[in-house]
Structure formats: structure tokens, C-alpha cells
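Okay, so here's the structure we're looking at.
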Amino acid sequence: MAKHELSRRSFIKKTSIAAIGIPAFFYGLPKPSSNHNFSKIQSERPSGEEYKNFKIQEIKGWKLWNHRNLLSHVLMPYGFSVNIGIKEYTGGWQLKEALVKRGNKEEIVTPGPISNNHDFSELEVEWFDTKFRVQSATDSNNLVIIVSPIEIKKIKTPTLIIDCGFLWNFPGYAYLDNDSINAHTSNEKVSVFFTGKKINEPYSYSLNPYFAIRFDEEIVISSGKKYSLSEARSVIENKKANYLKSLNKYGNLSQVADAICTVVNWNMTYDPIYNRVISSPSRMWAYWNGGYIIFAWDSYFASILAAFIGNKTSAYFNAIEMTNEITKEGFVPNVATATGMVSRDRSFPPVGTLAFLWVYSIFKEKWFLEESFEKLVSWNRWWPQNRDYKGLLCWGSNYYEPVTGNPWEYPKQGVHDRFGASLESGLDNSPMYDDIPFNKAENRLELWDVGLNSLYIFDCNNLAQIAKILGRNDIEKEALTRAEKYSRNLMNLWDEKSGIFKNKRTDNGEFSPKLSPTCFYPLLTNAPTKKQAKRMIEEHFYNEKEFFGDYMMPSISRNDSAFHEQDYWRGRVWGPMNLLTYLALRNRGFEKEAKILAEKSKDMFMAEWKKCRCVFENYNSINGKGDDKENSDRLYVFGGIHGLLSILSDSKLPFLTSDKKDK
């Protein structure tokens with residue numbers, strides 16, 4: 001499909017009240033009630049008072065939270081948006097929405113720096129031989145935007161289209177009044193102004209009131225008052241300087257921190273269904289799934305990344321709201337979407353307690369732990385109740401009746417079958433699970449999984465720490481008892497001949513020959529002896545035929561037949577694996593090896609970042625490239641983990657509690 005055809009079909013947002021071109025004499029239209037109760041149009045889940053107050057405090061001001069459009073500035077909690085578009089005249093096409101997309105399709109967006117609270121942002125867009133920059137900042141309660149043409153290869157000058165309206169069916173109306181657009185939200189009046197030469201352009205795709213401005217000079221769009229170009233520059237330059245200053249604390253890793261801020265903060269979006277701020281893995285994933293899609297470990301890792309850059313909003317919301325998706329069966333699902341599709345058959349690697357404990361160690365607010373504690377306990381209990389076979393855990397997938405009709409709710413996409421169980425691992429098409437039978441009677445793979453059992457022990461220990469902080473001695477004891485049991489049983493997965501822990505078949509008792517970084521996860525626990533741990537490092541970590549190399553860690557060993565496919569989890573480098581391997585190394589005192597992994601991750605990460613300001617979903621472990629595969633997103637949240645590891649080198653990590661002495 002041609003890019004102009006996609007532009008034609010761009011989804012058009014409407015105001016709550018029809019308000020296109022309303023003349024000035026309608027200024028007396030009644031103001032929407034200031035007593036509007038948002039709970040009438042939202043389905044907020046039960047929460048504690050601290051979290052309710054947190055939502056009120058954080059969901060306000062000008063934000064870039066429209067999941068469909070990086071050029072949309074939204075005033076919260078009212079949903080009033082100022083949207084930047086452009087029209088060209090070789091075919092009359094209009095760019096109404098812009099996203100960072102896979103490959104070079106339609107518009108090409110290069111995300112620039114963006115602050116945690118969205119009081120400063122910058123990006124560049126290329127579309128139909130037109131390249132322009134958008135910079136924004138807030139000045140008290142006012143929004144200030146400068147749109148600058150960089151390169152225009154057109155005979156006829158394009159037109160900037162600035163439309164204003166209400167998102168998500170929020171109450172309010174807007175109308176055009178000469179040189180401003182006035183809007184009445186549920187609680188206040190907002191006026192939007194512009195500089196530049198207004199032209200008559202009636203053929204716009206917009207259904208909102210809009211400005212049409214000749215785009216042959218820098219244009220200022222502002223709310224509250226009309227800012228001159230010099231005034232707008234002053235505001236934006238000041239906020240940009242503040243942002244750059246905030247990176248100074250990272251020293252020579254300031255560019256790494258900038259990359260993490262960029263990928264975390266551009267992917268924050270608002271969900272009006274549950275009145276929350278969340279991070280889909282990327283905005284394209286949200287776009288494809290009707291408003292949002294959240295995966296369990298993606299959200300928990302997003303929470304960790306956000307906490308490290310001081311973004312409490314994203315850190316708290318992602319951890320709490322992912323946990324709020326817990327099913328009636330008591331597990332946090334693999335995935336949940338805006339369409340109502342939830343993976344009711346499977347969970348995801350149990351890293352929730354890791355995220356909560358990590359975020360708490362930074363912000364030190366107990367209510368954050370209390371908000372989700374009982375759900376985390378439920379999830380921890382669910383694993384042995386549903387995935388245990390003779391004392392060790394297996395990945396699985398349960399049958400359930402489809403709820404939405406989404407293809408992913410059916411056996412053809414893995415529900416109650418091998419692929420669904422593989423999806424529960426988070427490793428999707430990993431060759432570790434290619435030929436493993438699925439036991440339908442017991443809803444599980446015929447495989448005791450090293451990674452799952454190690455992460456579960458880690459989860460038990462982290463839950464025990466959280467329980468201790470909250471004074472829940474009963475849960476602390478319960479969690480430690482389970483950790484001890486599975487630690488003992490984990491030793492059954494040690495392969496003395498190979499010198500490493502391996503997955504083991506439950507149907508024939510044979511070790512799987514497949515090796516991945518998950519084989520290092522037992523180092524997250526106290527289970528391996530010092531001698532075993534040393535063998536794992538010497539014989540496998542440094543083995544160039546398996547894991548060592550310029551680009552680490554490959555998601556399957558280099559000598560595996562699937563490695564050279566370099567397709568998704570078949571050999572590529574992934575942030576979650578690198579983080580968990582890094583923590584495992586540090587947990588057992590392998591600081592040198594942890595530093596090697598951190599440095600190699602950073603070098604790979606920054607090479608691609610400097611080239612295109614992209615944070616890829618995964619990277620080629622042969623050449624380090626991120627854009628060599630179409631299925632590697634260009635701005636994927638947990639890709640930032642590769643940069644985080646280098647920042648962690650001097651950080652104390654309180655959840656690493658294993659005894660590092662000889663056993």
C-alpha cells in the first residue's frame with residue numbers, strides 16, 4: 001500500500017461536541033460541568049488512597065500521551081489536544097499522525113531528547129520530501145511549540161495544519177475564533193495561538209477546528225498567550241538546558257542516559273479505559289492493538305528503567321498497572337490489550353517482585369509495595385500450584401474459551417499447545433522449545449526449565465524481602481520455604497559432564513543439548529556451589545563457540561544450528577536476557593564478567609544509537625546491527641536495558657542477597 005494511501009486512511013479524532021469553524025458569536029456556548037465525574041467514563045480498578053492521590057497528581061499538565069501520534073500534545077486530565085500535521089501539494093496528501101515505525105515506511109521520525117515530565121521534547125520528521133523539527137516546552141501551565149522547516153524539496157510550499165480537539169470522548173468543545181482556537185474543557189478555558197501566515201485551506205482531513213499556516217518559516221504554536229518566536233526560543237532553550245543538566249550526574253554515560261530517557265519517555269501513553277499511564281513495548285505495538293498492549297516483563301523492565309532515570313510516574317504506573325491485570329486464576333498474564341484480549345492461558349517470567357523491590361529501593365515509599373503486595377503473593381503461589389511437576393517447574397499453557405475472538409486466543413496460535421507454553425517463557429520462537437512435546441493433560445511442556453526455576457527462586461527471595469519490609473512475617477516465611485525447596489531441587493538440573501545447568505526432559509529424563517543465557521540464571525540463587533559456578537564461567541561464559549564474543553549474550557549458543565538464523569530469539573541479543581545474566585553474575589561475585597557484559601552491551605547499544613537514535617528491540621549477535629530484521633522495533637522500551645547495565649556498575653542492588661562464600 002502506498003504511503004499516501006495510508007495517510008488518507010489516518011484515523012480522525014473528533015471533539016466531544018461538533019465544533020468545526022464555530023464563529024465567534026457562539027462564544028456563549030455553555031461550559032461543560034466542572035463537576036464531571038470521570039469515573040463515569042472510566043473503569044478504574046480498586047486501589048489504595050495513596051495510589052488514587054498519585055494518579056491525580058501525575059495525570060495533569062501538557063503531555064505527549066496520545067498513543068497514535070508523537071505530534072500530539074494533550075492537556076491532562078481534560079484530553080484537549082493540539083495536533084501538528086502537514087499537507088503537501090504534489091498529490092494533496094496530509095500527514096496527520098506520526099510514529100516511529102519499523103523500517104523506512106511512510107514518515108520517518110527521529111526521536112530527540114524528552115524530559116521525564118514532558119516539559120521539554122524534540123523530534124524530527126521526514127515525509128514527502130519535507131523535513132522538519134518540532135520542539136516543545138511548558139511555561140508554567142502554557143504549552144509552547146516551535147515547528148521549524150529543515151529541508152523542503154517542493155515547488156509549492158507545504159501547509160502546516162494545527163488542529164485542536166478532544167481525545168477519548170472527553171467532554172468539551174473547541175471553536176475557531178479569528179486568530180485563535182478556544183476550547184472549553186470540563187473545568188477551564190484554553191486558548192491556542194500561532195504565528196506565521198494563515199492561509200485558506202479547506203481541504204484538510206481534520207474534523208476539528210484547525211489553523212492552516214504557510215510553512216516557509218519557523219512557526220510558534222502556544223497556549224495561554226501568543227508567544228513570539230524569540231519568547232518561544234527562550235522557553236524551549238531553558239527547558240532543554242535543564243534536561244541536559246539532569247544528565248550530567250551520569251558523567252561519561254550521559255549519552256547512555258539520554259538514550260534511556262528517550263525510549264522510556266516517548267513510549268509513555270495514556271489509557272482512558274482505566275485512567276492510567278502505561279508503556280506499551282513501543283507505540284507501534286499500541287497502534288496495532290487498538291490503544292495499548294502490555295506484556296508482563298516488558299512493563300516490569302520499563303518500570304526499572306524509568307526508576308533509574310528518576311521518572312517515578314512511569315516507574316510506579318507500569319509496575320502497578322501490569323500487576324493489576326492479574327487474572328481470576330491468580331496469575332499476572334503474559335499480555336493484555338485495549339481490545340480486552342488477555343492471555344488467560346499463560347503467564348510470563350516472574351520478575352514482578354524484582355521490579356517492585358528495585359523501584360522501592362530508589363523511591364522508598366512503602367505504599368508502592370503495599371498497593372500490589374497481595375497480587376504478587378497470589379502470583380508467586382500460582383506457579384507451584386499450576387506448573388509444578390515432581391518438584392520443579394515447567395512452562396505451560398491452559399485451555400480457555402475465547403473472549404474476544406482474537407486469533408491469539410485459539411490453539412492455532414498456541415493456546416494449550418507447545419507454542420503457547422513457549423510464549424510463557426517470553427522467548428517466543430527459541431529453539432530450546434522446538435521439539436519439546438506438550439502434555440495436554442497437565443497443561444505443560446515436557447521440560448523442566450532452568451530459567452523458570454531459577455527466576456522463581458529469585459522471585460520467592462524478593463517476595464520475602466518485600467514481606468519483611470511490610471512486616472508480613474507469615475509471607476516472608478512462606479516464600480523462603482518455597483525458595484529453599486526449589487533451590488534443592490534445582491540441583492537436579494546440573495549436568496556434571498557439561499559443567500552447567502541444563503533444561504531436562506520430564507518424559508525421558510534426558511538433558512536438553514540447547515544452551516542459552518538462561519543456563520546462567522541459577523547464579524541468581526544460592527543453589528550452585530562455588531565450584532559449579534566457576535565451571536559455568538570458565539567453560540561457558542568465556543567459550544567463543546557458545547556465548548563469548550563482541551556482541552553478547554546471544555539468545556542461543558553460537559554453535560547451535562539455529563544461531564545463524566538471527567531471527568528474534570533464535571540467536572539475537574535481547575535486553576531481558578542480558579539484564580538477568582548480569583544480575584546473576586553480580587549475585588555470585590563475578591564482578592569482572594558482569595562488567596565485561598555491561599561494556600559489550602553498551603558498546604553495541606550506543607553504536608546503533610549514535611547512527612540513528614534508535615533503541616532496537618533486539619540486536620544481531622554477529623554484527624551488532626538492530627535494523628537488519630524487519631521484526632526489530634526501532635524504539636522499543638526494554639532495549640534500553642543494554643545501556644542501563646553500564647550505569648549499574650557502581651550501584652548497590654539490595655536484592656542481590658546470595659551467599660558468595662564457599663559451600
- Item | Side-chain ion pair, R613 and E122, N-O less than 4.0 Å | no
- Find out whether the Lys NZ or Arg CZ of K600 is both under 6.0 angstrom from the six-membered ring centre of F548 and within 45° of the ring's axis. yes
- Test side chain to side chain contact (heavy atoms under 4.5 Å, CB included) applied to K602 - qualifying residues, sequence neighbours left out: L253, V256, E599, M606, S646
- Query: Does R387 count as lying over the ring of F331, i.e. NZ or CZ under 6.0 Å from the six-ring centre, within 45 degrees of the axis?
  - Reply: no
- Taking atom types as modelled and ignoring hydrogens, do the side chains of S621 and Q566 form a donor-acceptor contact shorter than 3.5 angstrom? yes
- Would you mind reporting whether F501 and N453 have side-chain heavy atoms less than 4.5 Å apart? no
- Query: Does a side-chain heavy-atom distance below 4.5 Å link W494 with R535?
  - Reply: yes
- Note on the structure: By side chain to side chain contact (heavy atoms under 4.5 Å, CB included), A562 pairs with (sequence neighbours left out) P431, D560, E565, R570
- Note on the structure: Residues passing the ring-ring contact (aromatic ring centres under 6.0 Å, His included) test with F547, sequence neighbours excluded, are F520
- Do N267 and Y636 have a side chain donor and acceptor closer than 3.5 Å? no
- Query: Going by atom types only, do S115 and N117 share a side-chain donor-acceptor pair under 3.5 Å?
  - Reply: yes
- Query: For residues S555 and Y568, is any side-chain donor paired with an opposing acceptor at under 3.5 Å?
  - Reply: no
- Would you mind checking if R102 and E617 are paired as a salt bridge, meaning a charged N to carboxylate O distance below 4.0 Å? yes
- Give a yes or no on whether a salt bridge exists between R586 and E591, defined as a side-chain N under 4.0 angstrom from a carboxylate O. yes
- Query: Among W382, Y300, W297, which residue meets the side chain to side chain contact (heavy atoms under 4.5 Å, CB included) test with V332?
  - Reply: Y300
- Item | Ring geometry between F616 and Y619 (parallel below 30°, tilted from 30 to 60°, perpendicular above 60°) | perpendicular
- Ring-face cation of K312 near Y316 (centre distance under 6.0 Å, axis angle within 45°): yes
- How about Y486 and Y456: are their ring centres within less than 6.0 Å of each other? yes
- Side-chain donor-acceptor contact under 3.5 Å, S347 with W379: yes
- Item | L583 and L656, any side-chain heavy atoms less than 4.5 Å apart | yes
- E321 and S299: side chain donor to acceptor below 3.5 Å: no
- Item | No-hydrogen, no-angle side-chain donor-acceptor test under 3.5 Å, N69 and S72 | no
- Query: Judged by modelled atom types alone, do D628 and N623 share a side-chain donor-acceptor pair under 3.5 Å?
  - Reply: no
- Query: In terms of ring plane angle, is the pair W358 and F655 parallel, tilted or perpendicular, where the classes change at 30° and 60°?
  - Reply: tilted
- Tell me, do H416 and D345 make a side-chain contact under 4.5 Å, heavy atoms counted? no
- Task: Taking the side chain as every heavy atom from C-beta outward, state whether V637 and M268 have any atom pair closer than 4.5 Å.
- Result: no
- Any side-chain donor near an acceptor of the partner, D258 and Y250, under 3.5 Å: no
- Mark yes when over 12 heavy atoms from residues, nucleotides or ligands other than N631 sit less than 6.0 Å from its CG; otherwise mark no. yes
- Query: Has K611 got more than 12 heavy atoms of other residues, nucleotides or ligands less than 6.0 Å from its NZ?
  - Reply: yes
- Message: Under a plain distance cut-off of 3.5 Å, with no hydrogens placed, do T506 and E446 share a side-chain donor-acceptor pair?
- Response: yes
